[in-house]
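What follows is a single structure, written as structure tokens, with notes after it.
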Amino acid sequence: MVIIAIAAGAAVVLAAATVGLVLLFSPAADGGQAATTFYQALKDGDAKKALSVSDPGVPENEAVLLQDNIYKAAGQHIDGFRILESKGEYVRAEVTQNGRKQEDILMMTKSPDGEWKVGPKNFQKIRLSSNRPVKSFTVNGVDVAAPDSGSASPDSQLLLPAFPGEYKLGISGDKYATVEEKKALVSIDRRISDTFQSLKVLPSQLLLDETKALLQKKRDTCIASASATARQSFSSGCSGFNLYESRPTQNVKWTIDEEPTFTLSLSRDIWYIQPEGKGKATVSYEVNRGTEAAPKWEPHSEVMEPRISGEIHIVDGKATLKDY
């Protein structure tokens, strides 16, 4: 009788263990648990965890914004969530982001082995473009390679899925170019999402400084080469440093009273120098009021407005001036 009792007890234990194993390995009836894991990961800024229970529907090389090094630095992660209903492939939740509550519906997908994941229809995409080709964009300070759209393309564009949050956008890879930093917002409330951003490429401070130095060097050349007579005073790229005096001149001396200012405008791969503020220069010289046989040299001075123009070409990684 004792042996029978032990055997019966063992059978009960085995049956209980079998039930436990069945419950443990049975696939979830709906996507509620996967959704809970997903939202918690978003709240924690844990992109790796969020990605493990989701399917963005893009190849790995297009999931670059769904990585920890970018998402941890994003602003406006979700603040909290509450699952309201979980039924089959739909999960309804109340989500708080940046203090704003919004109802969110996740459309889940189920693998053949019963694993639930947040489906690709839930992902919003950031569209990032620039008005000229760039080597790479930056998202939250991390380089993201720009697609090679061909040398004939006038711009660069990215279209990548992202988790809810705020992303800082910029460019990198070109010491002579910069942009005004912009932000993209991926909101649970899609009505206020701001995911399309176009970046205008601007000259970097380095390029402005080097352009100024090139212009000053050209100006110094113009001043140094100022000729004795007006007929010889016209030099290429020396607009504003030319004398309009029909009589012979001598002892020409230029003094810069106020530096002209400029901006740079980009077209394709050429930066065009655009005059902004007029400069002032004083030219003093002697003009012959007599004749060649009996010269009568008289002092004279004029206030001029030296103009700047030209193109900046980047040759072998260095800024060069092409003047007019």
Side-chain angles (χ1 to χ4, degrees), residues 38-51 54 56-58 61-81 93 95-104 106 118 120-147 149 153-208 263-264 266:
F38 179 73
Y39 282 130
Q40 186 61 50
L42 295 183
K43 181 181 177 182
D44 297 338
D46 189 344
K48 184 177 181 181
K49 187 69 174 178
L51 193 57
S54 60
V58 295
N61 66 325
E62 293 182 21
V64 291
L65 303 189
L66 306 176
Q67 307 302 318
D68 275 335
N69 60 344
I70 289 180
Y71 192 57
K72 280 188 180 297
Q76 298 193 34
H77 293 162
I78 69 169
D79 308 313
F81 67 95
V95 182
T96 305
Q97 184 182 17
N98 197 30
R100 178 189 178 98
K101 288 186 178 180
Q102 175 68 30
E103 187 170 297
D104 188 35
L106 293 180
V118 175
K121 291 184 179 180
N122 301 283
F123 284 83
Q124 299 177 59
K125 292 186 177 183
I126 291 177
R127 184 189 297 275
L128 178 57
S129 65
S130 62
N131 65 328
R132 62 152 286 183
V134 297
K135 294 179 181 178
S136 64
F137 293 102
T138 61
V139 181
N140 291 341
V142 179
D143 286 359
V144 178
S149 54
S153 175
D155 58 13
S156 293
Q157 295 189 42
L158 283 178
L159 182 62
L160 301 171
F163 292 127
E166 186 179 61
Y167 299 81
K168 295 179 181 179
L169 311 172
I171 63 169
S172 68
D174 187 347
K175 64 181 180 179
Y176 289 133
T178 186
V179 295
E180 290 183 0
E181 188 178 82
K182 289 191 175 183
K183 294 181 180 180
L185 175 63
V186 179
S187 176
I188 293 293
D189 184 354
R190 296 187 178 222
R191 295 171 299 176
I192 63 172
S193 286
D194 188 11
T195 56
F196 289 10
Q197 294 294 344
S198 178
L199 304 180
K200 182 179 180 181
V201 179
L202 304 170
S204 68
Q205 189 59 50
L206 175 63
L207 181 57
L208 291 171
T263 59
L264 292 173
L266 180 66

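Only heavy atoms go into these numbers, but all of them, side chains included; no hydrogens, no water, no symmetry mates.
Side-chain atoms of Pro164 and Gln97, non-hydrogen and from C-beta on, do get closer than 4.5 Å to each other. Counting heavy atoms from C-beta outward, Thr96 and Phe81 have side chains that stay 4.5 Å or more apart. Using a 4.5 Å heavy-atom cutoff, the side chains of Arg127 and Gln197 are not in contact. Two residues are said to be in side-chain contact when any heavy atoms from C-beta on lie closer than 4.5 Å; Ile171 and Ser136 fail this criterion. In this structure the side chain of Asp68 never reaches within 4.5 angstrom of the side chain of Ile70, judged on heavy atoms. Counting only heavy atoms from C-beta outward, the side chains of Phe196 and Ser129 never approach each other to under 4.5 Å. In this structure, the side chains of Asn131 and Leu199 stay at 4.5 Å or more apart for every pair of heavy atoms.
The two residues Val64 and Val144 have their closest heavy-atom pair at CG2-CG1, 3.9 Å. Taking each heavy atom of Ala50 and Phe38 in turn, the nearest pair found is O-CD1, 3.7 Å. Residue Pro56 comes nearest to Pro161 through the heavy atom pair CB-CG, 4.5 Å, listed as atom of the first residue, atom of the second, then distance.
By the side chain to side chain contact (heavy atoms under 4.5 Å, CB included) test, Leu264 is found to be paired with Pro203, Leu207, Leu208, Thr211, Phe262, Trp271, Ile273, Ile312, residues two or more places apart in sequence or in another chain being considered. Scanning for ring-ring contact (aromatic ring centres under 6.0 Å, His included) contacts around Phe123 gives Phe163, with sequence neighbours left out. For Gln40, the side chain to side chain donor-acceptor pair (under 3.5 Å) partners at least two apart in sequence or on another chain are Asp44. Contacts of Asp189 classified as salt bridge (Lys or Arg N to Asp or Glu O under 4.0 Å), with partners at least two apart in sequence or in another chain: Arg100, Arg191. Here Tyr167 pairs with nothing under the ring-ring contact (aromatic ring centres under 6.0 Å, His included) rule; sequence neighbours left out.
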Before giving the answer on side-chain contact (heavy atoms from CB on, under 4.5 Å), spell out for Tyr71 and Asn140 the whole-Å C-alpha distance, their side-chain angles and the decisive distance to 0.1 Å. CA-CA 8 Å; Tyr71 192 57; Asn140 291 341; over 6 Å; no
Please evaluate residues Glu103 and Val95 with respect to the criterion side-chain contact (heavy atoms from CB on, under 4.5 Å), reporting the C-alpha separation (whole Å), side-chain torsions for both, the decisive distance (0.1 Å), and the verdict. CA-CA 6 Å; Glu103 187 170 297; Val95 182; over 6 Å; no
What verdict does the side-chain contact (heavy atoms from CB on, under 4.5 Å) test give for Leu159 and Leu128, after you've listed the backbone C-alpha separation in whole Å, the side-chain angles of each residue and the deciding distance to 0.1 Å? CA-CA 6 Å; Leu159 182 62; Leu128 178 57; over 6 Å; no
Evaluate Leu160 against Val139 for side-chain contact (heavy atoms from CB on, under 4.5 Å), listing each step before the verdict. CA-CA 11 Å; Leu160 301 171; Val139 181; over 6 Å; no
Under 3.5 Å, side-chain donor or acceptor atoms of residues 179-186 against the rest of the protein: list the pairs with distances, not counting sequence neighbours.
from, atom 1, to, atom 2, distance (Å)
Lys182, NZ, Ser198, O, 2.9

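Within 6.0 Å of NZ in Lys200 there are 12 or fewer heavy atoms belonging to other residues, nucleotides or ligands.
Using modelled atom types and a 3.5 Å distance limit, the side chains of Ser193 and Ser187 yield no donor-acceptor pair. Side-chain contact, Asp143 with Thr138: no donor N or O sits under 3.5 Å from an acceptor N or O. Gln76 and Asp79 share no donor-acceptor pair across their side chains, judged by distance under 3.5 Å alone.
A distance of 5.0 Å separates CZ of Phe137 from CG of Leu158, quoted to the nearest 0.5 Å. Atom NZ of Lys125 is separated from atom CG of Leu65 by 11.0 Å, given to the nearest 0.5 angstrom. Taking CD1 of Ile188 as the reference point, atom NZ of Lys101 lies at 14.5 Å (rounded to 0.5 Å). If you take CG on Asn69 and NZ on Lys48, they are separated by 12.5 Å, rounding to the nearest 0.5 Å. Leu51 CG to Leu66 CG: the interatomic distance, rounded to the nearest 0.5 Å, is 5.5 Å.
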